[in-house]
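Presented below is the structure to which this report refers.
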Amino acid sequence: MHLKSLKEVLLFHSQAIKSGFQSIIFTTNQLIHYYAKNGFLRHAHKLFDEMPERNVYSWNTIIAAHLKNHDLKKAEFLFNSSPHKDLVTYNSMLAGYVNNVDDKPELEHERSDLALRLFVEMQSSQIHGGSCSRIDEFTVTTMLNLVAKLCFVSLGTQLHSYMVKSGNVFSGFSCSSLIDMYSKCGCFREAIRVFNECRGCLDSVSKNAIVAACCRESELDLALDIFWHEVELNDTISWNTIISGFVQNGFHEKAFRLFICMMENGIRLNNHTFASILGACSSMRNLKLGKEIHAHVLKAGFIENSFISSGVVDVYCKCGNMDYAKFAYTTSSIGNAFSISSMIVAYSLMGNMEEARRLFDTLIEQNTVVWTALFSGYVKSQCCEEAFNLLSEFLAKEANVIPDALILMSMLGACAIQASLHPGKQIHSYILKSVTKIDGKLLSSMIDMYSKCGHITYAERIFLQVKERDSVLYNVMITGYAHHGKENEAIMLFKEMCERDNIRPNAATFVALLSTCRHAGLVELGENYFHAMESDYGIQPEADHYACMIDLYGRANQLEKASALMERVPFEPDAVLLGAFLNACRINRNLELAREAEEKLLRIEGESGSRYVQLANVYASEGNWVEVGRIRKKMKGKEVKKLAGCSWIHLENGVTIFTSGDTSHLKSDAIYSLLACLVAEINHLAVVERSKALA
DNA sequence: GAACATTCTC
């Protein structure tokens, strides 16, 4: 009897029941298999339970059925209670552990352990009364799969030699399994050797495995050579492999051309195809292509797949179009952790931290990517207190995880913004204790932190220990010297950068150099740098460079040069640049030019309170109260709030902020009386000093 | 005549 379709099975079964069906083990096993295969696991299990007698096939079939249904626990229970076990039973259970069939990544480690134990047990136990072999080709391929996952090369090599020695465990799968195992364990040459040995009897799976191996190794030319050789072997997976290989190696346009080629060749597209090509659209930030692929996906009915729907959301996030991203999320990807992660990253990048945090809290499990995104988002948006709170949260929640270098960099950035030396030092020592490989970026962040916290000598000490210096490292140190009024050191370091290390300065280097000149009032040198950056290094000055020069001229009482340079700015001046110019006008008491700048500035930054205050101060410094009144009037209509000047100090329990006139602190009375004592003390000391000087 | 293994995705 051959049973093929479900219809036949049901028909046969109902007839059997009607005619007073006497259970034959063989037939019932078949029924169990076909019920399970068609998704009727409960019916299959009922049949199994009702069997008066079972053989090893019955047990194997029901175990396989549960494994197919991703129920490892149930399979394990049946495995342990089965009175008949043969090699197939062991192989099935082994595969269940290796493939982590119930998809619980957190248990992967434990499962691998169980698989290894079972493998050892198989070799020692007398399966089926010792009448059959302990290991066959199924065992070997499953174990090679495990070896690939664990990067357990020594076991992989042992299996390989066992295969060669015993000769009877080779199968059609052995070649592809070996290639895959060696490649995933990082032994590319071994993978190639196996491939060359089985060239005569190459099947498409082995070919796909070696193409994937080449892509992993970034050997794309070789991958293409093999791909275009024996084209008749190429199937959908082959095309998917080569396309994803190009995407993963950053050749997105080439991947796209291959995708077009695949369609033109009439190859069937599947989930993997769309997932890879969506990845390419994301990396290219190509909204138009992304929308086209999205349309394809909807038409082909792949949007249900979680890889695909999150891929679509990711494309829109990477393109910065959050309206589309939200739409794609709510229509087809709700609850998908990858989609949520993409949106958290995107919102963090654009500084929308409320939305980023809201989504972050919806995740059941937070991964490194979203933690990192949130940290860097907070610091980029200058929300340092939130970043510190997040760090406490991270340490509490992920007690066993060492914060990733990117998180530590963000935290150093937060310390730098707040000028919080003490936490900065703590993070520094934490890095020394726990980070095994401290890279240039982390060192640059540490130098920047120490410099911005006022400890230029610490910064310098770290800088001098670094052997391999890059432009970022130099820029950070030059900027540090500039802010600490060490213009000679800054200038010398720039020379060292160009001459000793032969590193090309970039736009940021010149911001550092120009701000050195600005702080030191070095007009001529500043002009030299400003011209050199374009003529010698081909770097177009940006808003920051112009702002430095305007400020430099303003402080040196050379308003004519400042306004002449303002005229030559080749783009629409931004608020920073106009602010610098306004400041120059204030220093040089030119109300006429100030007023012109004022008009432009208010057009750009109409809502910002601090700008109005800056304007009012320009006129107040001249005693021009009519103008001050005019600005104040403008402020009133627009709900402009003046940003109060404030100081802050980082104590054990966090940051305490002091705003002028603030009495909200619980101990504000005590604070103010202590302050009064300090002021009295200072005044007293001043009087003593003065009388000493007079004496 | 029934049961177990390989290649490509965020």
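This structure is a prediction, so every number in the text was calculated from the model and none was measured. Chain A is the first sequence line, chain B the second, and so forth, proteins listed ahead of strands; every chain is numbered from 1.
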**OP:** Measure distances between side-chain N and O atoms of A:S92 and base N and O atoms of B:dC4, and say whether any donor-acceptor pair falls under 3.5 Å.
**Re:** no
Subject >> Length of the CG-P vector between A:L202 and B:dT6, whole Å >> reply: 18 Å
**OP:** May I ask you to say what A:S58 touches in the nucleic acid, namely base, sugar-phosphate or nothing, with a heavy-atom cut-off under 4.0 Å?
**Re:** nothing
Original post:
Do A:T141 and B:dA5 share a donor-acceptor pair, side chain to base, under 3.5 Å?
Top reply: yes
Subject >> Phosphate OP1/OP2 of B:dC8: any A:R268 side-chain N/O under 4.0 Å >> reply: no
Subject >> Nucleotide of B:dG1, B:dC4, B:dA3 approaching A:N60 most closely (side-chain heavy atoms) >> reply: B:dA3
Original post:
Considering only B:dC10, B:dT7, B:dC8, which nucleotide approaches the side chain of A:R216 most closely?
Top reply: B:dC8
**OP:** Send over the distance from A:Y97 OH to B:dC4 P, rounded to a whole Å.
**Re:** 18 Å
Original post:
What's the CG-C1' distance between A:L31 and B:dA2, to the nearest Å?
Top reply: 11 Å
Original post:
Rounded to whole angstroms, how far apart are CD1 on A:I237 and C1' on B:dT6?
Top reply: 10 Å
Subject >> A:F138 side-chain proximity, nearest of B:dC10, B:dC4, B:dG1 >> reply: B:dC4
Subject >> Touch class at under 4.0 angstrom, heavy-atom based, for A:N55 against every strand present >> reply: base
**OP:** Send over the distance from A:W59 CH2 to B:dA2 P, rounded to a whole Å.
**Re:** 22 Å
**OP:** Look at A:K68 and B:dC4 and indicate whether a side-chain polar atom (N or O) is within less than 4.0 Å of OP1 or OP2.
**Re:** yes
Subject >> Closest to side chain of A:N29, choosing from B:dC4, B:dA2, B:dT7 >> reply: B:dA2
Original post:
Does the side chain of A:K184 get closer than 4.0 angstrom to OP1 or OP2 of B:dT6 through an N or O atom?
Top reply: no
Original post:
Taking the side chain of A:D314 as its heavy atoms from C-beta onward, which of B:dC10, B:dT7, B:dC8 lies nearest to it?
Top reply: B:dC10
Original post:
Is the shortest heavy-atom distance from the side chain of A:T139 to the side chain of A:R134 under 4.5 Å?
Top reply: no
Subject >> A:T61, nearest nucleotide to its side chain (from B:dA3, B:dT7, B:dC4) >> reply: B:dA3
Original post:
What about A:S177, does its side chain sit under 3.5 Å from the base of B:dT6 through a donor-acceptor pair?
Top reply: no
Subject >> Side-chain heavy atoms of A:N234 within contact of A:V231, under 4.5 Å >> reply: yes
**OP:** Tell me whether the guanidinium CZ or amine NZ of A:R54 lies under 6.0 angstrom from the six-membered ring centre of A:F48 and within 45° of its axis.
**Re:** yes
**OP:** I would like to know whether A:E50 and A:K46 meet salt bridge (Lys or Arg N to Asp or Glu O under 4.0 Å); could you show each step before the answer?
**Re:** CA-CA 6 Å; A:E50 288 168 355; A:K46 190 162 179 283; 3.2 Å; yes
Original post:
Does the A:C201 SG fall under 2.5 Å from that of A:C175?
Top reply: no
Subject >> Any side-chain heavy-atom pair of A:K254 and A:L220 under 4.5 Å >> reply: no
Subject >> Residue A:A64, side-chain heavy atoms: nucleotide from B:dA2, B:dC4, B:dT6 that is nearest >> reply: B:dC4
Original post:
Choosing from B:dT7, B:dA2, B:dA5, which nucleotide comes nearest the side chain of A:A95?
Top reply: B:dA5
Original post:
How many Å lie between CD1 on A:I179 and P on B:dC8, as a whole number?
Top reply: 12 Å
**OP:** Round to the nearest Å and state the distance from A:E304 atom CD to B:dC10 atom C1'.
**Re:** 17 Å
Original post:
Touch check for A:N270, heavy atoms < 4.0 angstrom, all strands: base, sugar-phosphate only, or nothing?
Top reply: nothing
Subject >> Minimum side-chain heavy-atom gap A:F394-A:F375 below 4.5 Å >> reply: yes
Original post:
Does A:H33 have a side-chain nitrogen or oxygen under 4.0 Å from the phosphate oxygens OP1 or OP2 of B:dA3?
Top reply: yes
**OP:** Answer with base, sugar-phosphate or nothing: what part of the nucleic acid does A:T142 contact at a heavy-atom distance below 4.0 Å?
**Re:** sugar-phosphate
Original post:
When we call it a touch if two heavy atoms are under 4.0 Å apart, what does A:D180 touch: a base, just sugar-phosphate, or nothing?
Top reply: sugar-phosphate
Original post:
To the nearest angstrom, how far is A:N240 atom CG from B:dC10 atom C1'?
Top reply: 15 Å
Original post:
Does B:dA5 have A:F173 stacked on its base, where the ring centres are within less than 5.5 Å and the planes differ by under 30°?
Top reply: no
